[in-house]
**Q** 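My questions will all concern the structure given below.
Hydrogens, waters and symmetry mates play no part in the numbers below; they use all other heavy atoms, side chains included. Counting begins at 1 with the first residue of the sequence. Note that ligands are numbered from 1 as they come in the structure, with each ligand's atoms numbered from 1 the same way.
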Amino acid sequence: MNITLDPLTRIEGHLSIKVDVDNNKVVKAECAGEMFRGFELLLRGRHPMDAHMITQRICGVCPIDHGMASTSAQEAAFRVSPPTNGRLLRNLIQGANYVHSHIVHFYQLSALDFIDVTAIIGYTGKDDALLLLQDWVKSQLQSEKIFPAAPFLPRYEGTYAADAELNVMALKHYLDAMTMRRQAHEAAAMFSGKIPHSTSLMPGGVTELARANTLAAYRSIAERLRAFVVGVYMPDVIAVAKAFPQYFTYGRGPDTYLSYGGFPENDARTEFLLPSGVVRKGALEVFDASHIGEEVKHSLFNSKSGLHPSRGETLPEPGKSDAYSWLKAPRYDGQPMEVGPLARFMVALLKTPKSPTVVLGQDILSQLKLGPEVLNSVLGRHLVRALECKAVVERMLDWVDQTTPGELTFKEFELPQEGEGMGLTEAARGALGHWISVKKGVIDNYQCVVPTTWNASPRDDHDVAGPIEQALVGTPIADPKNPVEAARVVRSFDPCLACAIH
Ligand code: NFE
Ligand code: MG
């Protein structure tokens, strides 16, 4: 039997999932990005310093990550790098953008996969926000329209959390998370000029100043965010984990992980808060960018297959036979790689086993009487994303203290007529790379390989499925009309198709 989830909601962008189900289990999955955007083509012939302004528009969720990758690629081409204060302000901007993203992913995008929104009907308390939510859900339930107003209903029916108290508390946190998200945006905008799409990120640093009063204001928001992440987000993820333990066994990806390294801790940008590395067969390897290639056998492109992104081509071919996705298939040594919080945790587990994040992760798992092998799963991804959010928000407070008010945040440079550069960062959703080549003063080629392009990639030249496609196989589907289990698997990756197709 075939089931199609199209569009898969509560993610960013247009994703179509097709699964073959046999004996109530997924036996094959196809993951398709459904539109072409063409950012790589429209950058050609433009002034190189337009790149970070344009590529930030790839996405409103992670614009800062694209800005980081783009300015880093330009910096490599222009032979400049930010001063200490510039690096720190970038970490502060990107950190706040991460915290917003992870909070939104858990509460606004994923929680309603587990939490029963209809439990609000039985609410008898006096919280104004919850009473409003109650009215809204009631009116949706009473609506005669086939599709009542989004966002809560309709939904796939299935098994949701049974504990009324847990449901109502989580719904309250769903509402609180919106405030937290706005505050994270406000903190980022203190140094980014605005959010989304920063006006202050530039090759050479950040054009905003490091003022003592702004640093103090940022710190006070960061402390509120930390209180929410530690006191609300982490406990809620653990509560969901306790209510749905079987989701530590669903959603197993390829068990190959890639991280470029995120949040530089030194000006040479060789040490990172989120370490860089590759994990295959349970062993840590040094990441080597020359191993990346984008394959296109099943992608709607007639570019040469397997090209390194520094030489990449973007040649759309809408009617291509045997192709089903507008995503290329990035591969490392020809292998699919999972990227994102789980990949970063798996790298950290082997590279920095004594880091507070890894120690806390092990602690939580042992309280649940589980070992790290369960992390390659739906709940594993949610758990390590929350752990990472805590690590980033806590480190943001240190970066505030390391910033020196009044010192330069930007380094001047001469713009060369020719140059090539690679810019790598860890976006909230995983490894993000931009490659720029400049000739005669304009962009000659520009390529982006984006986190969700790795995770949601279609089959490659050897017909090997992408990470989400692999993770879907084996998922039990109790009711083919309500494939909520498959949706939970896909959402655990936090896919952003707007980014992935770029
Ligand atoms: Ni549109 Fe993004 C992140 C990037 S995902 S959200 O995080 O880069 O592929
Ligand atoms: Mg690309």
**Q** Protein N, O or S atoms less than 2.8 Å from the Mg ion (ligand 2), ignoring waters?
**A** Glu40 OE2, Cys448 O, His502 NE2
**Q** Just one of Phe114, Phe244, Tyr247 clears the side chain to side chain contact (heavy atoms under 4.5 Å, CB included) bar with His382, so which one?
**A** Phe114
**Q** Going by the atom numbers of ligand 1, which of them fall below 4.0 Å from some non-hydrogen atom of Pro451?
**A** 4 (C), 5 (S), 8 (O), 9 (O)
**Q** Just by distance, no angles: are the side chains of His47 and Asp50 close enough, under 3.5 Å, to form a donor-acceptor pair?
**A** no
**Q** Within a distance under 4.0 Å of any heavy atom of Leu432, pick out the atoms of ligand 1 and give their elements.
**A** 8 (O)
**Q** Among side-chain atoms of His502 and Arg37, is any donor-acceptor pair under 3.5 angstrom?
**A** no
**Q** Can the ring centroids of Tyr260 and Phe287 be said to lie less than 6.0 angstrom from one another?
**A** yes
**Q** Can you sort out which atoms of ligand 1 are near Ala428, meaning under 4.0 Å from one of its heavy atoms?
**A** 7 (O)
**Q** Can you name the residues that form a salt bridge (Lys or Arg N to Asp or Glu O under 4.0 Å) with Arg459, not counting sequence neighbours?
**A** Glu469
**Q** Counting N and O atoms only, with roles assigned by atom type, does the side chain of Arg344 sit under 3.5 Å from a partner on the main chain of Gly262, one being a donor and the other an acceptor?
**A** no
**Q** Determine whether the side chains of Asp176 and Tyr107 contain a donor N or O and an acceptor N or O closer than 3.5 Å.
**A** no
**Q** Working note: Asp267 + Arg87, criterion salt bridge (charged side-chain N to carboxylate O under 4.0 Å, His left out); need CA distance, chi angles, decisive distance, verdict.
**A** CA-CA 7 Å; Asp267 291 347; Arg87 167 178 64 82; 2.6 Å; yes
**Q** Is the terminal nitrogen or CZ of Arg381 (NZ for Lys, CZ for Arg) located under 6.0 angstrom from the six-membered ring centre of Phe493 and within 45° of that ring's axis?
**A** yes
**Q** Find out whether the Lys NZ or Arg CZ of Lys328 is both under 6.0 angstrom from the six-membered ring centre of Phe301 and within 45° of the ring's axis.
**A** yes
**Q** Tell me, please, which residues at least two apart from His434 pass ring-ring contact (aromatic ring centres under 6.0 Å, His included).
**A** His66, Tyr446
**Q** Quick one: name the protein N/O/S atoms under 2.8 Å from atom 1 (Ni) of ligand 1, chain by chain.
**A** Cys59 SG, Cys496 SG, Cys499 SG
